[in-house]
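To start, the structure itself, in structure tokens.
All chains are named by letter (A, B, ...) in the order of the sequence lines, taking the proteins before the strands, and each is independently numbered beginning at 1. Note that this is a predicted model, so its numbers are computed, not measured. Hydrogens, waters and symmetry mates are skipped; everything else that's a heavy atom, side chains included, is used.
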Number of protein chains: 2
Amino acid sequence: MLGEKLKELREAKGLVQRQVAADLQVDTAYISKMEHNEKPVSRKHLKKLAKLYSVTENELLPIWLADKVLQLVENEKYSIQALEMVLNNVKEK
Amino acid sequence: MLGEKLKELREAKGLVQRQVAADLQVDTAYISKMEHNEKPVSRKHLKKLAKLYSVTENELLPIWLADKVLQLVENEKYSIQALEMVLNNVKEK
DNA sequence: TCTATATTTGTCCTTTTTAGGACAAGACCA
DNA sequence: TGGTCTTGTCCTAAAAAGGACAAATATAGA
């Protein structure tokens with residue numbers, strides 16, 4: 001989810017991975033992996049990416065979090081029940 | 001969530017932590033911490049506990065997973081949005 | 001009250017897992 | 001070709017799991 005979004009944003013900005021990599025001070029392979037959900041995106045990097053792509057961090061954060069949750073529950077038999085329980089729990093608070 | 005449930009089940013069975021600890025081959029402090037959500041419950045342990053308490057693992061698994069999700073999203077600003085995204089994602093599949 | 005048993009809490013340690021990232025090499029265009 | 005992107009492997013460092021132990025607290029019964 002997040003990876004695809006990051007790729008879209010980068011392309012919308014007309015940037016090439018090398019430029020993003022330079023900004024984050026990592027190599028291009030790392031960016032590629034982020035965009036393919038093969039490496040987790042740290043909050044630090046997320047913030048930089050938001051700035052670079054001219055979106056607010058708040059636009060990215062829900063997707064970022066959803067990604068983490070998804071990874072946790074995928075392949076789990078009771079994911080739906082679990083998610084609904086958590087949703088209730090979180091909503092009532 | 002899970003901790004409370006485990007405690008209830010244990011008491012319903014009239015067991016004392018020492019007995020459960022013996023069954024899982026850990027010490028009582030460990031059981032106590034599980035019941036207070038201070039230590040994660042491994043799947044291996046969960047299975048043993050289900051058997052010991054005469055419930056099906058399926059009764060425990062959703063709670064077990066919900067606990068993990070909850071821990072991931074609590075204190076997160078966009079937990080609700082994220083959970084809803086994941087729920088949609090998982091449901092459609 | 002005294003005491004034994006049950007539980008909780010804090011600290012510590014070791015092992016396993018995950019994050020974060022580099023590098024090299026291959027693939028894909030154009 | 002040259003630039004872009006992808007993929008695989010490797011490494012180190014940080015974090016989490018799993019668990020022991022000791023000490024402190026509750027708690028129920030004699």
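Applying a 4.0 Å cut-off to non-hydrogen atoms, the residues of residues 3-11 of chain B that approach DNA chain C are B:Lys7, B:Arg10, listed by residue number. Proximity of residues 14-29 of chain B to DNA chain C (heavy atom under 4.0 angstrom from any strand atom) is restricted to B:Val16, B:Gln17, B:Arg18, B:Thr28, B:Ala29. Near DNA chain D, meaning a heavy atom under 4.0 Å away, the residues from residues 39-52 of chain B are B:Lys39, B:Pro40, B:Ser42, B:His45.
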Inset, instruction - Could you encode protein contacts along nucleotides 23-30 of chain D as a string, one character per nucleotide from 5' to 3', using B for base contact, S for sugar-phosphate-only contact and - for no contact, with a heavy-atom cut-off of under 4.0 Å? - result: --------
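A:Val20 and A:Val16 fall into different hydrophobic clusters, where Ile, Leu, Val, Met, Phe, Trp and Tyr side chains are chained together by heavy-atom contacts under 4.5 Å.
Counting only distance, with no hydrogens or angles, the side chain of A:Trp64 and the backbone of A:Val41 share a donor-acceptor pair below 3.5 Å. Remark: the backbone N or O of B:Met1 is paired with a side-chain donor or acceptor of B:Glu4 at under 3.5 angstrom.
The stretch residues 14-31 of chain A participates, sequence neighbours left out, in these side-chain hydrogen bond (donor to acceptor under 3.5 Å, both in side chains) pairs: A:Gln17-A:Glu35. Note on residues 77-86 of chain A: pairs passing salt bridge (Lys or Arg N to Asp or Glu O under 4.0 Å), not counting sequence neighbours, are A:Glu84-B:Lys91.
Computed from coordinates, the A:Tyr30 OH to D:dC5 P distance equals 18 Å when rounded to whole Å. At whole-Å resolution of the value, CD in A:Glu35 and P in C:dG21 are 16 Å apart. Counting to the nearest Å, the C1' atom of D:dT6 and the CD1 atom of A:Ile31 are 13 Å from each other. Between the P atom of C:dA6 and the CE atom of B:Met34 lies a distance of 19 Å, rounded to the nearest Å. In this structure, A:Glu38 atom CD and C:dG20 atom P are separated by 15 Å, rounded to whole Å. Remark: P of C:dT18 and CG of A:Asn37 are 17 Å apart, rounded to the nearest angstrom. Rounded to an integer number of Å, the gap from CD of B:Gln71 to P of D:dA15 is 15 Å. Between the C1' atom of C:dT17 and the CG atom of A:Leu72 lies a distance of 14 Å, rounded to the nearest Å.
Between the side chain of B:Lys33 and the base of D:dG18, no donor-acceptor pair of N or O atoms lies under 3.5 Å.
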Inset, instruction - For B:Leu83 and B:Val69, run side chain to side chain contact (heavy atoms under 4.5 Å, CB included): C-alpha distance rounded to whole Å, both residues' side-chain angles, the deciding distance at 0.1 Å, then the answer. - result: CA-CA 9 Å; B:Leu83 289 168; B:Val69 174; 3.8 Å; yes
Legend entry - Residue pair A:Glu92, A:Asn88: steps toward the side chain to side chain contact (heavy atoms under 4.5 Å, CB included) verdict: CA-CA 6 Å; A:Glu92 78 175 24; A:Asn88 287 336; 5.8 Å; no
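Partners of B:Glu74 under the side chain to side chain contact (heavy atoms under 4.5 Å, CB included) rule, at least two apart in sequence or in another chain, are B:Leu70. Residues passing the salt bridge (Lys or Arg N to Asp or Glu O under 4.0 Å) test with A:Lys44: none are found, sequence neighbours excluded. With sequence neighbours excluded, the residues that form a side chain to side chain contact (heavy atoms under 4.5 Å, CB included) with A:Glu38 are A:Lys33, A:His36. Under the rule for a side chain to side chain contact (heavy atoms under 4.5 Å, CB included), B:Asn75 has no partner lying at least two apart in sequence or in another chain.
End-to-end axis angle of the helix from C:dT1-D:dA30 to C:dA30-D:dT1, from C1' rotation axes over five pairs per end: 40° (rounded to 10 degrees).
No side-chain heavy atom of A:Leu72 sits under 4.5 Å from any side-chain heavy atom of A:Lys68.
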Which donor-acceptor pairs under 3.5 Å do the side chains of residues 45-57 of chain B make with protein atoms, sequence neighbours left out?
from, atom 1, to, atom 2, distance (Å)
B:Ser54, OG, B:Lys13, NZ, 2.7
B:Thr56, OG1, B:Asn58, N, 2.8
B:Thr56, OG1, B:Glu59, N, 3.4

